[in-house]
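Okay, structure first, notes after.
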Amino acid sequence: MRKKMLVVLMVGLVSAFTLTACGGDSKKSDKSEKAEEKKEDKKSADEDADEEDVDDADEEDADDSEGSDDEALAENLEKAEAVVEQGGLNVFYAGVTEDENTKMLCSFSAENSFGIVEFFNTETDESGSWVGELTDNGDDSYTVSDTNNGTSLTFSVVVTDGAYVLTMGELGNAVVTEIEQDEFVACIAAVETGAEPQF
């Protein structure tokens, strides 16, 4: 901005000295040209100032947005860690459902009394979850009953080639593999913040 202003001022000064050196009958036209140049210089300076104001406003908005996203993610990380700790969760899984756009996260306590199952559609950004009591129905079938909304999800589990195939009735099937607790917490927090989890 300063460079532009200096260039504009230098052009104005050089023009002024050149025009006054002409003298004679061209004084009136020189004055009108000077006035015109001053108007153009002022207009150019005003446009530059307006552009700088818009750029500054855009940068401030971006900074505010990034700050609020970072705060939300940090808050959701704390919440996810608290749920893992309170639920006594110690095994963590991530995978994908049959439609390949829906990612799945699940975790269960050591004694299979508490569980989390969460889905996230990467195309629509929609998510859904069940968090609450886990019931062992026998025959490798389990039900997670959500504490908040009273709904439940029943699924059966089959182990194959180091992965787990979950059959969930109307929701179809999913294949999940074991992940670390930190990865699980980060993914849950990302889903809750509205970002696509990386797993």
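Taking each heavy atom of Phe184 and Ser107 in turn, the nearest pair found is CZ-CB, 3.5 Å. Minimum interatomic distance between Phe114 and Val131 (heavy atoms only, all atoms of both residues): CZ-CG1, 3.7 Å. Here the closest non-hydrogen pair linking Met168 and Phe119 is SD-CZ, 3.5 Å. Across Phe108 and Gly115, no two heavy atoms sit closer than the pair CD2-CA, 3.9 Å. Among all heavy-atom pairs drawn from Ala94 and Ile179, the shortest one is CB-CD1, 3.8 Å.
In Glu111, the CD atom is crowded: over 12 heavy atoms of neighbouring residues, nucleotides or ligands sit closer than 6.0 Å. With a 6.0 Å radius and a threshold of 12 heavy atoms from other residues, nucleotides or ligands, Glu78 has its CD atom at or below the threshold.
Counting heavy atoms from C-beta outward, Glu192 and Glu118 have side chains that approach closer than 4.5 Å. Residues Leu105 and Ile188 have side chains in contact (heavy-atom distance under 4.5 Å, counting atoms from C-beta outward). By the 4.5 Å heavy-atom criterion applied to side chains, Val185 and Leu77 are counted as neighbours. With a 4.5 Å cut-off on side-chain heavy atoms, Leu166 and Met104 count as touching.
Side-chain N/O atoms of Thr143 and Asn137 include a donor and acceptor closer than 3.5 Å. No side-chain donor-acceptor contact under 3.5 Å links Ser152 and Trp130.
A donor-acceptor contact shorter than 3.5 Å is absent between the side chain of Glu126 and the backbone of Asn121. Using a distance-only test at 3.5 Å, with no hydrogens or angles considered, no donor-acceptor pair links the side chain of Asp161 to the main chain of Ala163. Ser129 places no side-chain N or O within 3.5 Å of a backbone atom of Val117 that could act as its donor or acceptor partner. Checking side-chain atoms of Thr122 against main-chain N and O of Asn101 turns up a donor-acceptor pair under 3.5 Å. Side-chain atoms of Thr154 do not come within 3.5 Å of backbone N or O of Ser141 as any donor-acceptor pair. Looking only at distances, no side-chain donor or acceptor of Asp136 sits under 3.5 Å from a matching main-chain atom of Tyr142.
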- What's the verdict on side chain to side chain donor-acceptor pair (under 3.5 Å) for Asp99 and Thr97, showing C-alpha distance, side-chain angles and the deciding distance? CA-CA 6 Å; Asp99 70 4; Thr97 64; 2.9 Å; yes
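Paired with Phe92 under the rule side-chain contact (heavy atoms from CB on, under 4.5 Å), one option of Ile116, Val176, Val84 passes, and it is Val84. Each of Leu171, Asp140, Val144 was evaluated against Phe155; a single residue qualifies, Val144, per the side-chain contact (heavy atoms from CB on, under 4.5 Å) test.
Note on ring orientation: taking the six-membered ring where Trp is involved, the planes of Tyr93 and Tyr164 are perpendicular (angle over 60°, cut-offs 30° and 60°).
How far CG of Asn112 is from CG of Leu134: 5.5 Å, rounded to the nearest 0.5 Å.
Connection of Val91 to Val175 is not established within any shared hydrophobic cluster, with ILVMFWY side chains joined at heavy-atom distances below 4.5 Å, either directly or through further cluster members.
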